[in-house]
Enquirer: 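Pasting a structure here, questions to come.
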Amino acid sequence: MDQVPQSSNQSDSNKWLVRILLIIGIGIPVLIELFTFSGLVSSHFFGEAPSATNDRRSETSAKENIPLVKQGDTLFSDTDYPLLVDTLRLEIYPDQWRFIMELKPLWKPNRERSEGVKLTFQNLVTQQQSLEENRVLVWTDNTLDEAEITWILPTGQRPQNAKVTYRSTRQDSLTGTLDIKRHFEFGHVPARYKQ
Amino acid sequence: MTFIDNYPKSAKIAKANFLVAFIALAIGGLFGLIQALHRTGWARNIISSAEYYTMLTGHGVLLALVFTTFFIAGLFVWGVTRSLDREPENMAFSWSWFWIMLIGTLMATVAILGGFVEGSSIRAAVLYTFYPPMQAHPLFYIGAALLIIGSWMAGADWFRSYLAWRKEHPDERIPLQTYMTLFTMLMWYVCTVGVALEVVVLLIPWSLGWVNQIDPLLPRTLFWYFGHAVVYFWLLPAYFVWYSILPKLSGGRLFSDSMARIVFIIFLILSTPVGYHHQYADPGITVGFKFYAMATTLLLLLPSLLTLFTVVASMEHGAKQRGGKGYFAWLGKLPWGEPAFAGCALAGIMFAAGGFSGIINAAMNINILVHNTIWVPGHFHLTVGTAVALTFMAISYWLVPQLTGRKLKNKTLALIQPYLWFLGMTLMSNAMHRGGLAGIPRRTAEPNYSQFDFEAVFGTISEIKWQIAIGGILLTVSLVFFLWVIFNSWFRGERADKPVDDFIPAALSGPEHAPKILDNIKLWVLLAIALVLIAYSVPLAEMVMDGLFSPGAPTIPV
Amino acid sequence: MHIHRFERFWIGVSLVAIAIFIATVVIGFSVYDLRVIGAEKTVDPQNLQETKFADPGVRKAEPGSEVDYEVYVMSRQFMFNPGTAEPITVPTDAKIRFHITSPDVLHGFEVVGTNLNTMVIPGQVATFTTRFDTPKTYGLLCNEYCGAAHHVMEGRLKVVSKSQFNEKQLVQ
Amino acid sequence: MDSNDKKAENESNSETSPSDEKIRELSLEEFNPHGTLALTLLYFVLLLVLWFFMYFVEFAGHGPSILS
């Protein structure tokens with residue numbers, strides 16, 4: 001086959017390309033593997049000494065002390081009208097996920113001092129979106145009734161946090177109404193499959 | 001004159017197979033990128049976390065089952081035709097297996113993609129292992145069955161060619177490429193019995209609602225009867241390329257023809273009885289059978305280590321013929337500027353690394369350390385995702401010109417592509433292995449938990465995440481380069497009489513040195529069946545004895 | 001058959017390597033007592049109310065048993081019971097045997113950062129014995145795809161020192 | 001773009017046939033794969049070192065494990 005004569009420039013540039021490709025394409029991978037192995041070895045044989053590795057280890061065990069809302073917690077325990085999180089669960093249906101929260105007053109309110117409490121969930125934030133739906137729970141009478149809120153989430157979405165306003169109205173009108181705005185972070189919400 | 005001029009009918013069917021393979025590769029690759037970005041938290045808004053599993057199913061099925069099967073069919077059509085010097089005996093039959101495979105693929109793909117349509121009842125987010133009692137739409141199982149039946153017919157087609165050739169050449173040795181094809185397909189017949197029984201006897205009746213409960217362990221065991229041998233069904237065609245084409249691309253000749261035959265025999269015999277090594281962590285399978293599977297799995301290292309020697313020696317032969325010298329200096333004389341060679345060689349290097357993590361997976365008790373962690377996908381992205389896929393891509397640069405009669409275009413891109421793949425895969429799989437040691441699970445949309453954190457053995461988890469994401473991006477860029485080069489060459493390449501040098505020189509030590517017994521197909525098949533019976537007859541009988549569908553779990557649709 | 005002498009040598013080296021790998025596993029198995037799960041017993045996944053899984057949790061082992069505590073865990077879409085709502089609590093320095101099963105689909109049971117890792121298969125009971133030396137709280141996760149919310153299936157395993165372990169919490 | 005492709009193709013003509021560059025023919029008797037033996041032995045050593053590290057340090061060195 002006839003060959004078109006080539007200028008030396010072209011084959012030079014090709015040689016350079018190959019050289020660069022070999023250095024980047026094989027050199028970097030070899031370095032990565034060497035770093036990995038030396039990292040593994042040194043963390044095992046020299047990792048016990050007080051070092052950065054050690055600090056990291058102690059900080060990353062199971063999360064225990066992060067104040068996340070979970071089932072059994074009491075919300076607004078610093079007020080006259082604390083609320084118990086009776087249920088917190090994610091129900092998984094084929095076409096939607098439902099986040100269900102059941103709240104229950106911990107004790108009967110002192111009728112003389114308080115007329116009741118109104119809880120407004122202004123929004124619920126999931127990983128991908130914020131559901132801007134007001135959900136209101138009111139306890140006015142002298143009962144320990146449980147109240148439930150359900151959010152319908154798109155499939156795959158988990159609740160992350162919510163903005164809540166707590167308003168209790170007092171009769172003695174000394175303080176009038178008490179407004180508290182809080183931000184709840186949800187930790188792990190147990191999930192259940194439903195059909 | 002090149003392949004398309006000599007064998008136009010074979011070229012046409014090989015091209016049809018390649019076309020399906022590359023389309024599956026494109027879609028599956030895109031899914032892979034989205035998963036990498038979703039998992040690592042780089043982009044959680046492309047799909048929802050529930051759709052992640054639909055996408056993961058698509059990624060696994062389209063790449064591990066569809067891309068591989070169609071590419072292998074095209075490759076074997078090419079190899080059998082050229083090494084026997086005859087086109088298929090009956091083109092109608094050849095096209096019928098192609099169409100059956102394609103229809104099966106389309107059915108399964110529709111079932112999977114249905115998961116992206118809101119409210120659709122056609123769903124198949126069961127991943128490519130489709131473990132019951134999670135149930136996909138019947139289309140998925142029927143499609144999978146058709147794909148397998150089509151592949152059986154393809155194998156029959158090649159046996160037909162071989163028998164017709166044998167009549168005319170009663171005393172000749174089986175040409176090496178045909179030999180490797182036949183042995184790969186024999187292994188495929190032995191192992192697909194398991195998955196065919198699983199799908200046809202258990203899953204299709206169950207998905208159609210004829211039975212309403214299923215024993216999860218029996219189909220799982222039948223799946224893994226097939227599920228590791230399928231890995232060798234992907235790998236052996238890569239070996240086919242390394243043994244029969246790579247020596248030529250290096251400028252040398254195959255070092256030993258007999259060694260290639262021995263290697264394929266060992267794979268035929270040992271590939272199937274190893275399946276339990278995917279079930280080391282399963283309750284319900286006795287430790288004795290797990291141990292037997294471990295011994296056979298580790299023995300399977302032997303043919304790969306032999307391949308390592310023979311193939312590297314063939315490359316060294318090429319380098320030395322080109323003036324290479326010394327113990328290591330000859331490596332520099334290899335044609336690293338040739339895309340087809342560079343891709344195969346890089347794939348081989350990565351396979352050596354994947355071999356190591358494979359040993360860890362295979363060794364019964366240490367497997368528990370990494371079982372179902374992201375280490376495992378890290379491992380098979382080295383073996384299937386690189387050793388096999390990169391070899392297939394690289395050899396396409398050499399095969400597609402022969403099949404189309406057109407020269408390769410965009411050669412610079414084609415050269416950068418395998419190096420980019422190698423770099424991207426190193427980043428991704430290195431991080432996956434490290435993540436696996438930290439206990440991060442595989443097959444999960446969001447490896448972020450609220451009750452605990454993972455601790456990396458060294459470094460940080462966020463570093464592992466960005467490494468996976470960047471690796472995934474580089475792999476996608478590399479894949480786009482590949483598809484662009486192939487598309488351009490296939491449809492716009494310059495026509496030429498001889499678009500590549502397609503001459504394959506004879507082996508240094510040829511079949512004349514190989515004992516005749518190596519070609520005794522019946523003997524090796526019987527041995528393979530005997531070893532399978534030892535491994536599987538007792539446990540399967542135990543699982544079947546208490547009822548085919550019990551202990552039965554209720555059906556859970558996905 | 002023609003086999004180059006270097007290649008013969010390499011075949012020998014390869015066989016040695018394989019022998020070393022198998023020997024290591026055998027030594028690990030017998031000397032270091034690093035075991036894997038075997039076949040224990042089957043259960044009817046649709047009738048678990050008749051088994052101890054109906055009342056899952058940590059129990060004191062029967063007298064004469066080779067272990068000190070038995071832990072029954074029910075893994076289901078998408079929680080461990082116990083484990084998810086409240087941690088599985090076990091003491092240090094005791095032989096503890098886990099029994100895990102599932103009434104619905106396949107699950108995984110992985111104690112993060114340890115070598116405790118098993119499949120959970122409906123109809124089969126995964127049984128293994130272990131021992132904890134130091135108090136620590138471990139994460140627990142499902143590592144086999146079990147449905148659309150697979151990634152939320154998690155829990156905790158709390159190891160407390162033997163002296164602080166409250167036997168009153170045990171399931172009777 | 002086109003002219004670049006032309007250049008690349010011209011090069012490919014010269015390079016897709018490495019046999020053209022062959023400067024000598026090595027027969028089976030003359031060829032001893034020293035380099036291959038060196039590389040494979042290096043790989044063998046690497047495998048064993050990594051194996052022992054993974055097994056005894058990373059796995060057996062970290063409890064708790066499944067005991068029986």
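First the proteins, then the strands, lettered A, B, ... as listed; each starts at 1.
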Enquirer: Give me the ring orientation class for C:Phe80 and C:Phe109: parallel if the planes are under 30° apart, tilted from 30 to 60°, perpendicular past 60°.
Expert: perpendicular

Enquirer: Can you tell me which portion of B:Pro447 sits under 4.5 Å from chain C's heavy atoms? Options are side chain, backbone, both or neither.
Expert: neither

Enquirer: At a heavy-atom separation under 4.5 Å, does B:Met294 approach chain C through its side chain, its backbone, both, or neither?
Expert: side chain

Enquirer: So what's closer than 4.5 Å to chain C heavy atoms on B:Leu437: side chain, backbone, both or neither?
Expert: neither

Enquirer: Any carboxylate oxygen within less than 4.0 angstrom of a Lys/Arg side-chain nitrogen, looking at B:Asp257 and B:Arg173?
Expert: no

Enquirer: Can C:Arg97 and C:Glu66 be counted as an ion pair, charged N to O under 4.0 angstrom?
Expert: yes

Enquirer: Let me confirm one number: the CD-CE distance from B:Glu51 to B:Met55, rounded to the nearest 0.5 Å.
Expert: 7.5 Å

Enquirer: Counting only heavy atoms from other residues, nucleotides and ligands, does the tally under 6.0 Å from CZ of B:Phe116 exceed 12?
Expert: yes

Enquirer: Checking side-chain polar atoms at under 3.5 Å, does C:His151 have a donor or acceptor matched by the opposite partner on B:Thr444?
Expert: no

Enquirer: Is B:Phe289 close to chain C through its backbone or its side chain, or both, or neither, when contacts mean heavy atoms under 4.5 Å?
Expert: neither

Enquirer: Atom CD of residue position C:Glu167 - does it have more than 12 heavy atoms of other residues, nucleotides or ligands inside 6.0 Å?
Expert: yes

Enquirer: So which part of C:Phe6 gets closer than 4.5 Å to some heavy atom of chain B, the side chain, the backbone, both or neither?
Expert: both

Enquirer: Select one option (side chain, backbone, both, neither) describing which atoms of B:Ser256 are under 4.5 Å from chain C's heavy atoms.
Expert: side chain

Enquirer: B:Ile517 versus chain C, heavy atoms under 4.5 Å apart: side chain, backbone, both or neither?
Expert: neither

Enquirer: Please state whether the side chain, the backbone, both or neither of C:Val26 comes within less than 4.5 Å of a heavy atom of chain B.
Expert: side chain

Enquirer: Side chain, backbone, both or neither: which part of B:Glu512 has a non-hydrogen atom closer than 4.5 Å to chain C?
Expert: neither

Enquirer: Which atoms of B:Met364 are under 4.5 Å from chain C, going by heavy atoms: the side chain, the backbone, both sets, or neither?
Expert: both

